[in-house]
There are 2 protein chains.
Amino acid sequence: MRSYGQICGIAKALEVIGDRWTLLLIRELLTRGPCRYTDLRNGLPGIATNLLAQRLRELERAGVIRSEEALPPATGILYRLTERGQALEPIAKAIGDWGIPLLNDVADDDVFQTHWLLLPLRSDLQDTAPERGPVEIQLDAEDEPIVVEAVDGTVNAYIGRAQDPALVLHGSGRTITRLLFGRITLAEARRRGLRIDGDPGQLERFRLKLDAVA
Amino acid sequence: MRSYGQICGIAKALEVIGDRWTLLLIRELLTRGPCRYTDLRNGLPGIATNLLAQRLRELERAGVIRSEEALPPATGILYRLTERGQALEPIAKAIGDWGIPLLNDVADDDVFQTHWLLLPLRSDLQDTAPERGPVEIQLDAEDEPIVVEAVDGTVNAYIGRAQDPALVLHGSGRTITRLLFGRITLAEARRRGLRIDGDPGQLERFRLKLDAVA
DNA sequence: CGGCATCCTCTTTGATACTG
DNA sequence: CAGTATCAAAGAGGATGCCG
């Protein structure tokens with residue numbers, strides 16, 4: 001990116017992470033961990049392949065990511081965040097939080113990938129009833145399944161299947177996303193095809209940490 | 001900005017604030033309060049005037065800013081952040097914090113404006129010796145003078161002159177910025193022309209809240 | 001197949017000039 | 001003061017080709 005020419009931390013930071021696609025690329029590495037070129041391209045639908053290559057070069061030069069050969073027996077190149085790159089997580093979180101109200105206006109051809117939910121699920125949900133013991137919720141949307149678990153008051157989320165979920169939500173990513181972030185009610189979600197197996201009351205244990213999400 | 005087409009809070013947010021210049025425009029409104037068109041252009045050296053007009057239109061449509069006639073006797077149009085716009089401050093802070101280490105590499109023709117210091121001074125400094133009573137420090141760099149004050153353990157900063165500063169720093173914005181954010185030592189700053197009137201020991205009362213600023 | 005580079009078109013930005 | 005108009009330059013999008 002062309003320099004802003006300002007002696008200002010925000011301006012200097014934006015010269016590194018302010019380009020189109022760059023923060024979404026960072027999001028992929030934050031949620032997925034080390035990725036290959038193809039993983040990144042799949043997580044960034046619509047990016048031109050030459051542009052992805054260029055962004056990777058720039059970020060490596062800036063010390064935000066590092067590329068390395070995958071350990072045998074795996075093959076190919078892995079891209080991973082450096083420590084400096086990991087330090088971008090508060091930025092991703094702040095931006096994602098601010099974006100939650102915008103999840104109302106999704107276009108019909110907007111795409112969804114379950115792992116995009118992981119960062120906000122981890123940081124924005126709290127368990128309001130830890131005394132009721134650990135709980136697992138299974139989310140089944142378009143692609144990979146997600147487990148949301150609350151243990152001792154801390155919420156975690158990861159890709160995978162729960163052995164014994166208290167609750168399974170099954171529906172479109174669009175509907176599940178909006179339900180989880182309080183954009184629609186449970187009744188509305190059902191009307192939009194959400195299927196629920198298990199105890200819906202478990203859902204009320206989880207609450208958004210953010211106060212005024214308008 | 002062209003849509004990313006992703007059902008993801010980060011992506012949706014970046015469609016509003018991810019354009020070039022946009023977050024710097026927000027920075028101006030956050031630090032300055034309501035601004036006229038010309039104030040904004042002055043605080044964004046290098047922006048094309050048509051681009052500024054376009055950004056203002058987009059941000060108003062997105063509900064981030066609002067434009068209004070200045071109250072008489074003043075005249076002209078004022079731009080101010082809406083509540084939704086004010087909610088961008090955590091993003092500006094996170095990005096600015098991440099950018100602090102980048103203040104090392106300033107180009108010779110980079111420009112400086114004192115008010116760019118205000119946001120980080122307010123949020124990143126702490127007073128380590130509140131029991132020593134209130135203190136004011138005066139910063140005199142290129143353009144407007146700044147007062148940094150610590151009262152009852154909270155640090156504030158604003159444009160203006162202190163009546164009775166315990167300490168006055170006089171030097172280039174580049175040098176003062178880097179000194180305040182721990183990029184250079186006091187000795188180094190002196191070598192770069194920093195002049196100090198008063199008790200330099202008062203400077204050690206202030207410490208960065210950020211731990212690992214590498 | 002994974003990991004790009006090239007080529008071409010289209011959009012966005014930059015620089016400057018001009019206006020009510 | 002608060003913008004619009006115009007045009008050149010840079011960047012993004014999309015298709016395709018190349019190489020281990």
Side-chain angles (χ1 to χ4, degrees), chain A residues 1-6 11 14-25 28-29 32 34-62 65-80 107 109-111, chain B residues 1-6 11 14-25 28-29 32 34-62 65-80 109 111:
Chain A
M1 154 169 306
R2 175 168 180 168
S3 168
Y4 286 110
Q6 301 185 0
L14 288 175
E15 290 173 12
V16 178
I17 59 165
D19 273 310
R20 182 162 167 82
W21 291 108
T22 298
L23 269 169
L24 296 184
L25 199 168
E28 290 300 305
L29 292 170
R32 293 281 211 190
C35 289
R36 356 178 120 255
Y37 191 88
T38 323
D39 300 328
L40 292 171
R41 216 181 27 172
N42 291 339
L44 302 171
I47 196 173
T49 169
N50 58 344
L51 196 52
L52 175 54
Q54 184 183 323
R55 291 288 180 271
L56 288 169
R57 266 196 307 274
E58 293 162 349
L59 288 174
E60 185 155 20
R61 274 207 53 224
I65 66 172
R66 189 172 49 229
S67 69
E68 54 195 35
E69 288 283 331
L71 293 175
T75 170
I77 299 169
L78 280 181
Y79 295 94
R80 74 168 67 229
D109 54 348
D110 280 1
V111 297
Chain B
M1 152 168 310
R2 175 170 180 162
S3 168
Y4 286 111
Q6 301 184 1
L14 288 174
E15 289 174 13
V16 177
I17 60 166
D19 273 309
R20 183 161 166 82
W21 291 108
T22 298
L23 269 169
L24 297 184
L25 198 168
E28 289 301 304
L29 292 170
R32 292 281 210 191
C35 289
R36 347 176 129 257
Y37 191 88
T38 323
D39 300 328
L40 292 170
R41 217 182 25 177
N42 291 338
L44 302 171
I47 195 174
T49 170
N50 58 345
L51 196 50
L52 175 54
Q54 184 183 323
R55 291 286 181 272
L56 289 169
R57 267 195 306 272
E58 294 161 348
L59 287 174
E60 185 155 19
R61 274 207 56 223
I65 67 173
R66 187 172 51 228
S67 69
E68 55 195 34
E69 287 284 330
L71 293 176
T75 171
I77 299 169
L78 282 182
Y79 295 93
R80 74 169 67 229
D109 53 350
V111 299

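Since the model is a prediction, treat every value here as computed from it, not as a measurement. What's counted below: heavy atoms across the whole structure, side chains too, no hydrogens, waters or symmetry copies. Within every chain, numbering begins at 1; the chains are lettered A, B, ... in the order of the sequence lines, protein sequences first and strands thereafter.
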Under 4.0 Å from any heavy atom of chain B: name the first and the last nucleotide of DNA chain C that qualifies, 5' to 3'.
-> C:dT13 to C:dA17

[N] [atom2] sits how many Å from [X] [atom1], rounded?
| X | N | atom1 | atom2 | value |
| --- | --- | --- | --- | --- |
| B:Glu58 | D:dG3 | CD | P | 14 Å |
| B:Arg57 | D:dA2 | CZ | C1' | 12 Å |
| B:Leu56 | D:dC1 | CG | P | 15 Å |
| A:Tyr37 | D:dG20 | OH | P | 18 Å |

Can you find a side chain N or O atom of [X] that sits less than 4.0 Å from OP1 or OP2 on [N]?
| X | N | value |
| --- | --- | --- |
| B:Thr49 | D:dG3 | no |
| A:Trp21 | D:dG11 | no |
| B:Arg20 | D:dA10 | no |

Would you classify B:Ala48 as touching base, sugar-phosphate or nothing, given that sugar-phosphate means primed atoms plus P, OP1 and OP2, and contacts are heavy atoms under 4.0 Å?
-> base

At under 4.0 Å between heavy atoms, what does B:Leu52 touch on the DNA or RNA strands: base, sugar-phosphate, or nothing?
-> nothing

Return the orientation label for the B:Trp21 and A:Tyr4 ring planes: parallel under 30°, perpendicular over 60°, tilted otherwise.
-> perpendicular

Pairwise salt bridge (Lys or Arg N to Asp or Glu O under 4.0 Å) hits with a residue in residues 35-46 of chain B, at least two apart = none

Exam field: side chain B:Arg32 to backbone B:Gly43, donor-acceptor pair closer than 3.5 Å | no

Nearest-0.5 Å distance, CG of residue B:Leu23 to CZ of residue B:Arg55 | 11.0 Å

Gap between atom CD of B:Glu69 and atom OG1 of B:Thr75 - 0.5 Å precision | 7.0 Å

Sort me out a list of protein N/O and nucleotides 6-9 of chain D N/O pairs below 3.5 Å, or just none if empty.
unit_1 : atom_1 : unit_2  : atom_2 : d
D:dT6  : O4     : B:Asn50 : ND2    : 3.2

May I have the step-by-step check of salt bridge (Lys or Arg N to Asp or Glu O under 4.0 Å) for B:Glu58 and B:Arg61, ending in yes or no?
-> CA-CA 5 Å; B:Glu58 294 161 348; B:Arg61 274 207 56 223; over 6 Å; no

pair A:Met1-A:Thr22: side-chain heavy atoms closer than 4.5 Å | no

Is there a side-chain contact between B:Ile77 and B:Tyr37, using heavy atoms and a 4.5 Å cut-off?
-> no

For B:Met1 and for A:Arg2, locate the closest nucleotide of DNA chain C by heavy-atom distance; then report the residue assigned to the nucleotide nearer the 5' terminus.
-> B:Met1

Heavy-atom nearest pair, B:Cys35 first then B:Glu28, reads SG-O, 4.3 Å

